[in-house]
Amino acid sequence: MSKVEFNMENLQKCICKTCPVQAESACAKEKKMKVQEMMPKMMESKMMPDPEMVPGLYCASGKASCGDLDYSKMCQCNECPLWKEYALPEGSPMGYYCRDGQAE
Ligand code: SF4
Ligand code: SF4
């Protein structure tokens, strides 16, 4: 596998935003709203926010900064386009990057 880049293109493909692990997290919801608000500016400037502000792309950035995620729910990473694109099953951990850290 190759290292996943923390960039806008990958953020748009990331499906963490619809993952049940984050669905009930007030912290992730708040971050999601902020990122949505910032999106037009981010697209224009091609600038990425700090990873701890982004509730996704954990395979690139590592563990979630929110402490209220529900890990009893199923990780969706194997449905994500980046799963195949970066051959993530060849690395570790196998999903749950928000809990276990970035893909290596
Ligand atoms: S593999 Fe998982 S963490 Fe990485 S971009 Fe896709 S959904 Fe997000
Ligand atoms: S890394 Fe997996 S478990 Fe964590 S939010 Fe993304 S899809 Fe869900």
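Whatever order the structure lists them in is the order used to number ligands and atoms, beginning at 1.
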TODO: Would you check ligand 2 and list the protein residues that come within less than 4.0 Å of it by any heavy atom, ordered by chain and number?
DONE: Cys16, Cys19, Val21, Gln22, Tyr58, Cys75, Gln76, Cys77, Tyr96, Tyr97, Cys98

Task: ligand 1 contact on Val4 by region, counting heavy-atom pairs under 4.0 Å - done: neither

Task: Check: Lys32 side chain, Val54 main-chain N or O, donor-acceptor pair, under 3.5 Å - done: no

Open item on the list: Does Lys63 have more than 12 heavy atoms from other residues, nucleotides or ligands lying within 6.0 Å of its NZ?
Closed with: no

TODO: Taking atom CE of Met39 as the centre, report whether more than 12 heavy atoms of other residues, nucleotides or ligands fall under 6.0 Å from it.
DONE: yes

Task: Side-chain donor or acceptor of Gln22 paired with backbone N/O of Cys16 under 3.5 Å - done: yes

Open item on the list: With a 3.5 Å distance limit and no angle check, can you tell me whether Asn7 reaches the backbone of Asn10 through a side-chain donor-acceptor pair?
Closed with: yes

Open item on the list: Please check if the number of heavy atoms outside Glu30 that lie under 6.0 Å from its CD is greater than 12.
Closed with: no

TODO: Under 4.0 Å from a heavy atom of Leu88: give me the atoms of ligand 1 that qualify, with their elements.
DONE: 1 (S)

Task: Side-chain ion pair, Lys13 and Glu85, N-O less than 4.0 Å - done: yes

Task: Per-atom contacts of ligand 1 with Leu82, taking only distances under 4.0 Å to non-hydrogen atoms - done: 5 (S)

